[in-house]
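Not measured: the values here are computed from a predicted model. Computed from heavy atoms alone, side chains included, the values below leave out hydrogens, waters and symmetry copies.
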Amino acid sequence: MKNLSIIYMKLPNSLFLTFLMLGFTAGHLCAQRLVSDVKIVYKLQLPPEQLQTDALLEGSTLTQYIRGPLSRIDMNLNVVSYTYLINSREQNLVTLIDNHGDKYLIRSDKDEYDKELKQYAGIHFKDEPGTKDLVGYTCKKAIGTMPDGKTFEVYYTPDLVPENKHYNRRFVNLKGLPLEFEIITRAGAKMSVIATQLDLHPVPASLFEVPVSGYKLISKEELQKMGS
């Protein structure tokens, strides 16, 4: 260490500053981890006024899985469950719905995939003062602004960066993994989604397989006619 100090003392100021900045950059890069396999379990926290009318939604969960270019989102609302299977390599999306045992499957082609991706790619995130510790990670606060001007709050860890940027189109432009965020409901209320478990072990490929039976294939238009 003594010899190293002597070397630094003999360097011109400009070179010394360069070495110093490289050291900070290397430290920052080491702190970040590029991840390809992730499982995050979130709890859904509904506004009190919504729980009064939708008491059955209490205890709902959302689980996010990522495996390379594949991702899966399971939203269990107790009365109904939704599963989204996203393949960012083939650019398609499959939606599975289980409504009290009535099971439906909706396929979205590349055109629909691109249309929705462009919509969410317009979300801009701005860091704000404030941090929060969630499942062992210190998270930064950010405000997401949607193209229509609506905003939602996010707490994300910059220490974990997904290799697959399209695992959840809502967070394409976020500089880390979201561990708490808000979802704006159709009624305009904001529902909090808070991580309770994070697992970085390999995710089974079987979770991303599209069912070949047990579901009725319908279109989005047919779903809308059903009143969902």
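- Grouping the Ile, Leu, Val, Met, Phe, Trp and Tyr side chains by contacts below 4.5 angstrom, directly or via other members, places V210 apart from Y65.
- Of the candidates N87, L93, I86, N87 is the only one forming a side-chain contact (heavy atoms from CB on, under 4.5 Å) with E90.
- The stretch residues 153-175 participates, sequence neighbours left out, in these ring pair (Phe, Tyr, Trp, His ring centres under 6.0 Å) pairs: F171-F181.
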Could you walk me through whether I183 and V193 pass side chain to side chain contact (heavy atoms under 4.5 Å, CB included), step by step? CA-CA 7 Å; I183 293 177; V193 183; 3.7 Å; yes
Under the criterion side chain to side chain contact (heavy atoms under 4.5 Å, CB included), I'd like the reasoning laid out for V41 against L62: C-alpha separation, chi angles, the key distance, then a yes or no. CA-CA 6 Å; V41 180; L62 185 151; over 6 Å; no
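- A single hydrophobic cluster is seen to contain both M75 and L198, as judged by linkage of ILVMFWY side chains at heavy-atom distances under 4.5 Å, directly or through other members.
- Using a 4.5 Å cut-off on side-chain heavy atoms (C-beta onward), D102 and I97 make no contact.
- Taking NZ from K190 and OG1 from T151, the interatomic distance works out to 4.0 Å, rounded to the nearest 0.5 Å.
- With hydrogens and angles ignored, the 3.5 Å screen pairs no side-chain donor or acceptor of R89 with any backbone N or O of P69.
- Checking T157, T138, I194 one by one against L179, the side-chain contact (heavy atoms from CB on, under 4.5 Å) holds for a single residue, T157.
- The pair D74-R72 meets the salt-bridge criterion, with a side-chain N (NZ, NE, NH1 or NH2) lying under 4.0 Å from an Asp/Glu carboxylate O.
- Among all heavy-atom pairs drawn from N92 and S108, the shortest one is CB-O, 3.6 Å.
- Other residues, nucleotides and ligands place more than 12 heavy atoms under 6.0 Å from the NZ atom of K165.
- Side chain of S219 to backbone of E222: a donor-acceptor contact under 3.5 angstrom is found.
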Working for salt bridge (charged side-chain N to carboxylate O under 4.0 Å, His left out), residues K110 and D114: CA-CA 6 Å; K110 185 179 182 302; D114 288 341; 2.8 Å; yes
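- Two residues are said to be in side-chain contact when any heavy atoms from C-beta on lie closer than 4.5 Å; L177 and P162 meet this criterion.
- In this structure, the side chain of D37 engages the main chain of V203 through a donor-acceptor pair within 3.5 Å.
- The OG1 atom of T63 lies 6.5 Å from the NZ atom of K39; values are rounded to the nearest 0.5 Å.
- A single hydrophobic cluster is not seen to contain both L85 and I73; linkage of ILVMFWY side chains at heavy-atom distances under 4.5 Å, directly or through other members, places them apart.
- Side-chain atoms of V154 and K141, non-hydrogen and from C-beta on, never get closer than 4.5 Å to each other.
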Please assess L117 against K115 for the test side chain to side chain contact (heavy atoms under 4.5 Å, CB included), listing each intermediate value before the final yes or no. CA-CA 5 Å; L117 180 60; K115 182 180 178 181; over 6 Å; no
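- Contact between N78 and G59 at its shortest, heavy atoms only, is ND2-C, 4.1 Å.
- Annotation: side chain of R67 is not in contact with side chain of L207 (no heavy-atom distance under 4.5 Å).
- Electrostatic pairing of K175 and D127 counts as a salt bridge here, judged by a charged N lying under 4.0 Å from a carboxylate O.
- We find the OG-OH distance between S71 and Y84 to be 12.5 Å, quoted to the nearest 0.5 Å.
- Donor-acceptor pairing under 3.5 Å is lacking for the side chains of T61 and N76.
- Across all non-hydrogen atoms, the minimal contact from A195 to V135 is O-CG1, 3.8 Å.
- No option in K140, K43, K132 other than K132 meets the salt bridge (charged side-chain N to carboxylate O under 4.0 Å, His left out) test with E180.
- Atom CG in N173 sits 11.5 Å away from atom OG1 in T145 (nearest 0.5 Å).
- Counting only residues at least two apart or on different chains, the ring pair (Phe, Tyr, Trp, His ring centres under 6.0 Å) pairs with a member in residues 86-127 are F125-F152.
- Hydrophobic cluster membership differs between I66 and V161, with clusters built from Ile, Leu, Val, Met, Phe, Trp and Tyr side chains linked at under 4.5 angstrom.
- Under the rule for a salt bridge (Lys or Arg N to Asp or Glu O under 4.0 Å), R170 has no partner lying at least two apart in sequence or in another chain.
- Remark: side-chain polar atoms of D109 are paired, donor with acceptor, to backbone N or O of E112 under 3.5 angstrom.
- No side-chain heavy atom of V80 sits less than 4.5 Å from a side-chain heavy atom of D98.
- Within the 4.5 Å cutoff, the side chain of L217 has no heavy atoms near those of the I106 side chain.
- Using a 4.5 Å heavy-atom cutoff, the side chains of L223 and T95 are not in contact.
- Between L200 and L160, the closest side-chain pair of non-hydrogen atoms falls below 4.5 Å.
- Judged by the 6.0 Å and 45° rule, K103 forms a cation-pi pair with Y215.
- Both V79 and L44 belong to a common hydrophobic cluster when Ile, Leu, Val, Met, Phe, Trp and Tyr are linked at side-chain heavy-atom distances under 4.5 angstrom.
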Please report the C-alpha distance between E153 and S192 in whole Å, then the side-chain angles of each, then the deciding distance to 0.1 Å, and finally whether the side chain to side chain contact (heavy atoms under 4.5 Å, CB included) criterion is met. CA-CA 9 Å; E153 191 174 272; S192 296; over 6 Å; no
